Amino acid sequence: MVTMARVSQAHLDARRRQILDGAAVCFARNGFHATSMQDVLKEVDLSAGAVYRYFSGKDELIAAIVGEVLGEVRAAFEEAVRLGPPPPPDVLVASVLSRTLAARESLTVDGRPAFPRLVVQVWTETLRNSELSAVLQEGYGAVREAWGDVVRAYQDAGIMRSDVPPDHVARTMVATVLGFIAQQSLLGPAPVEVLSDGLRALMSMSHEQK
C-alpha cells in the first residue's frame with residue numbers, strides 16, 4: 001500500500017502566497033482585462049491544476065488580493081485602538097502604510113513598485129465589475145469603521161475636537177492615503193515620510209491669525 005505524503009500547511013500557504021504575488025504583478029503590469037490566467041500561470045511557473053486548486057479564476061484572485069490588503073490595514077488600526085491611545089494620525093498612517101508597502105516591496109513592474117499600480121487598476125476595474133466593487137466597498141467600509149474607532153479614541157482622550165463626526169475624519173484619511181498611493185503610481189515612488197510630514201504640518205495649523 002502506497003502512503004501519500006501529506007502536504008504541510010506551510011507549503012500550502014507558501015504556494016498560495018506565490019500565486020497571489022504573481023497575479024498581483026500581472027494585473028499591475030497589464031491591467032485586469034488584458035491579463036489572462038495563462039499569463040498568471042507563466043508568471044508563477046505552475047500548472048493550471050496547481051493554481052486552480054486555490055482560485056477559480058481572475059475574479060477570485062483579485063478579490064483575494066484586495067481582501068488581504070484591506071484586512072491587514074483594518075487589523076492595524078484596530079490594534080492601535082486596543083493597545084491604548086492611538087498615536088497621532090501622521091505617525092499612525094505612516095506606520096500602517098509603511099508596513100503595507102514593505103510587505104509587497106519585492107513585487108515590481110519594470111523596476112518600479114507594483115502595488116501602487118495595482119491599486120489604480122483595481123479602482124478602474126470596479127467601474128465595470130460589480131462583484132469586485134462589492135468586495136472593495138465591504139473592505140473599505142471595514143477600514144472606515146476601524147478609522148472611526150481611532151477617531152473616537154482621539155476624541156475620548158481630548159486630543160481631537162468632538163464636533164466632527166468620526167466617519168468624516170475616517171473618509172478624509174482614507175482619501176489621503178489613496179491619493180498618495182495614486183501619486184506613486186502616476187508620478188513615481190515617494191517615501192512615506194512625505195505623507196506623514198504633510199499631515200504633521202496640517203495638524204500644526206492654528207486658527208489664530210498672527
Side-chain angles (χ1 to χ4, degrees), residues 21 24-25 27-29 65-124 126 136 139-210:
D21 288 349
V25 169
F27 295 146
R29 180 190 298 126
I65 293 169
V66 170
E68 179 182 66
V69 173
L70 294 177
E72 290 174 5
V73 173
R74 179 193 65 200
F77 291 137
E78 290 175 344
E79 180 185 19
V81 174
R82 281 198 308 271
L83 295 179
D90 58 315
V91 175
L92 180 57
V93 169
S95 173
V96 173
L97 187 56
S98 292
R99 273 188 280 174
T100 302
L101 295 175
R104 293 159 180 84
E105 63 183 355
S106 63
L107 307 181
T108 61
V109 174
D110 299 329
R112 297 174 63 176
F115 181 67
R117 292 180 61 169
L118 179 63
V119 171
V120 174
Q121 296 284 2
V122 168
W123 274 99
T124 302
T126 59
L136 202 64
Y140 273 111
V143 171
R144 275 173 47 204
E145 185 176 339
W147 245 117
D149 291 339
V150 171
V151 174
R152 280 183 280 274
Y154 290 150
Q155 292 174 334
D156 290 343
I159 58 178
M160 180 176 283
R161 54 190 300 169
S162 61
D163 61 336
V164 177
D167 186 58
H168 291 191
V169 181
R171 284 175 177 266
T172 300
M173 296 310 302
V174 169
T176 300
V177 173
L178 286 176
F180 181 72
I181 292 175
Q183 286 185 52
Q184 294 215 30
S185 174
L186 299 171
L187 306 177
V192 174
E193 288 74 21
V194 170
L195 179 60
S196 60
D197 286 348
L199 287 172
R200 188 178 307 112
L202 291 171
M203 291 160 52
S204 69
M205 291 179 65
S206 171
H207 287 291
E208 297 179 1
Q209 293 185 349
K210 295 185 178 180

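Quick caveat, the model's predicted, so the values are computed rather than measured.
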Pair up each side-chain donor or acceptor in residues 75-90 with any protein partner under 3.5 Å, not counting sequence neighbours, and list the distances.
residue, atom, partner, partner atom, Å
D90, OD2, R200, NE, 2.9
D90, OD2, R200, NH2, 3.3

Quiz item: Roughly how far apart are L178 CG and W123 CH2, rounded to 0.5 Å?
Solution: 5.5 Å

Exercise. May I ask you to test the R117-D110 pair for a side-chain heavy-atom distance under 4.5 Å?
Key: yes

Self-check item: V96 and R99, any side-chain heavy atoms less than 4.5 Å apart
Solution: yes

Self-check item: Nearest-0.5 Å distance, CD of residue E145 to CG of residue D167
Solution: 9.5 Å

Practice problem: Measure the CG-CZ distance between L107 and F115 for me, rounded to the nearest 0.5 Å. | Solution: 10.0 Å

Quiz prompt | Side-chain (S95) to main-chain (V91) donor-acceptor, under 3.5 angstrom | solution = no

Self-check item: Within-4.5 Å side-chain heavy-atom neighbours: I65 and L118
Solution: yes

Quiz item: Do the side chain of R112 and the main chain of T108 share a donor and acceptor less than 3.5 angstrom apart?
Solution: no

Quiz item: Backbone N or O of A190 within a donor-acceptor pair of the Q184 side chain at under 3.5 Å?
Solution: yes

Self-check item: E105 (side chain) donor-acceptor with P113 (main chain) under 3.5 angstrom
Solution: no

Quiz item: Would you call D163 and R161 a salt bridge, using N to O less than 4.0 angstrom?
Solution: yes

Exercise. Mind checking the CE-CD1 spacing from M203 to I159? Nearest 0.5 Å is all I need.
Key: 8.5 Å

Practice problem: Answer whether the closest heavy-atom distance between the side chains of L92 and Y154 falls below 4.5 Å. | Solution: yes

Quiz item: Can you tell me if CD on E68 sees more than 12 non-hydrogen neighbours from other groups inside 6.0 Å?
Solution: yes

